[in-house]
Amino acid sequence: QVHLVESGGGLVQAGGSLRLSCAASGLAFRTNGMAWFRQPPGKEREFVAVIGGSDSSTYYAASVKGRFAISRDNARNLLFLQMNNLKPEDTAVYYCAASPTYTLSTNSRNYNYWGQGTQVTVSS
């Protein structure tokens, strides 16, 4: 059974930083495309960042590019999202997701497995 467990969320002031982690089990982690999505209050879930399994190539949403960095540790089955220069509009529940089929998809429908989410709140 696949489990994805996020951690590292919290309350931070604008301009601050947070590092999210996602611990994966029950899947061939290194061959899965891994992504972060977020759902702001009252809005649809949206793509944040994705990292490939084989070559660890990355792709970011325009709204976070240059501020966020996605990375992975295949030896420990961990996914990370380093978030710097946070803004109030980054406030959302952040989810990690895994895709055995797609390497760098930004479409949430292509992800088979999801974590329960971690809340990130950025105060102004």
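If you read the sequence from its start, that first residue is 1, and numbering goes on from there. Small disclaimer: the values here were computed from a predicted structure and weren't measured. All heavy atoms count here, side chains included; hydrogens, waters and symmetry mates do not.
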Report yes or no: do Met34 and Trp36 belong to one cluster of Ile/Leu/Val/Met/Phe/Trp/Tyr joined by side chain heavy-atom distances under 4.5 Å? yes
Test your reading of the model: is there a side-chain donor-acceptor pair from Thr103 to the backbone of Gly52, 3.5 Å cut-off? no
Please examine the side chains of Ser71 and Gln82, heavy atoms only from C-beta on, and report whether any two atoms are closer than 4.5 Å. no
Any side-chain heavy atom of Glu46 sitting closer than 4.5 Å to one from Pro40? yes
According to salt bridge (Lys or Arg N to Asp or Glu O under 4.0 Å), who are the partners of Arg19, at least two apart in sequence or on a separate chain? none
Can you find a pair of side-chain heavy atoms, one from Val5 and one from Gln116, that are under 4.5 Å apart? yes
Under the side chain to side chain contact (heavy atoms under 4.5 Å, CB included) test, which residues partner Ser25, sequence neighbours left out? His3
Checking Arg76 now: which residues fulfil side chain to side chain contact (heavy atoms under 4.5 Å, CB included) with it, not counting sequence neighbours? Asp73, Leu78, Phe80
Please name the pair of heavy atoms, one in Thr118 and one in Gly9, separated by the smallest distance, quoted to 0.1 Å. OG1-N, 3.2 Å
d(Asn112 CG, Leu4 CG) to nearest 0.5 Å is 10.5 Å
Distance col, row Arg67:CZ vs Asn84:CG, nearest 0.5 angstrom, shows 9.0 Å
For residues 93-102, dump all side-chain donor-acceptor pairs below 3.5 Å to protein atoms at least two apart in sequence or in another chain.
residue: Tyr94; atom: OH; partner: Arg38; partner atom: NH1; Å: 2.9
residue: Tyr94; atom: OH; partner: Asp90; partner atom: O; Å: 2.6
residue: Ser99; atom: OG; partner: Thr101; partner atom: N; Å: 3.4
residue: Ser99; atom: OG; partner: Tyr102; partner atom: N; Å: 2.9
residue: Ser99; atom: OG; partner: Tyr102; partner atom: O; Å: 3.4
residue: Ser99; atom: OG; partner: Asn110; partner atom: O; Å: 2.9

Results of ring pair (Phe, Tyr, Trp, His ring centres under 6.0 Å) for Phe37 - residues two or more places apart only: Phe47, Tyr111, Trp114
Check: Tyr60 side chain, Ile70 main-chain N or O, donor-acceptor pair, under 3.5 Å: yes
With Thr58 via side chain to side chain donor-acceptor pair (under 3.5 Å) - residues at least two apart: none
Are Leu27 and Ile51 linked, directly or through intermediate hydrophobic residues, by side-chain heavy-atom contacts shorter than 4.5 Å (ILVMFWY only)? yes
Hey, what do you get for CD (Gln13) to OG (Ser123), rounding to the nearest 0.5 Å? 5.0 Å
Side chains of Asn74 and Arg72: is there a donor and an acceptor less than 3.5 Å apart? yes
Quick one, Glu6 with Leu79, criterion side chain to side chain contact (heavy atoms under 4.5 Å, CB included). Give me CA distance, side-chain angles, the key distance, then yes/no. CA-CA 9 Å; Glu6 302 95 336; Leu79 177 72; over 6 Å; no
Do Phe68 and Leu86 touch side chain to side chain, with heavy atoms closer than 4.5 Å? yes
Would you call Val48 and Leu81 a side-chain contact if the rule is heavy atoms closer than 4.5 Å? yes
Residues Val120, Met83; criterion side chain to side chain contact (heavy atoms under 4.5 Å, CB included); working and verdict: CA-CA 10 Å; Val120 171; Met83 305 186 294; 3.9 Å; yes
Tightest non-hydrogen contact, residues Ala14 and Pro88, listed as CB-CD, 4.1 Å
Please check if the side chain of Gln39 supplies one atom and the backbone of Glu44 the other of a donor-acceptor pair under 3.5 Å. no
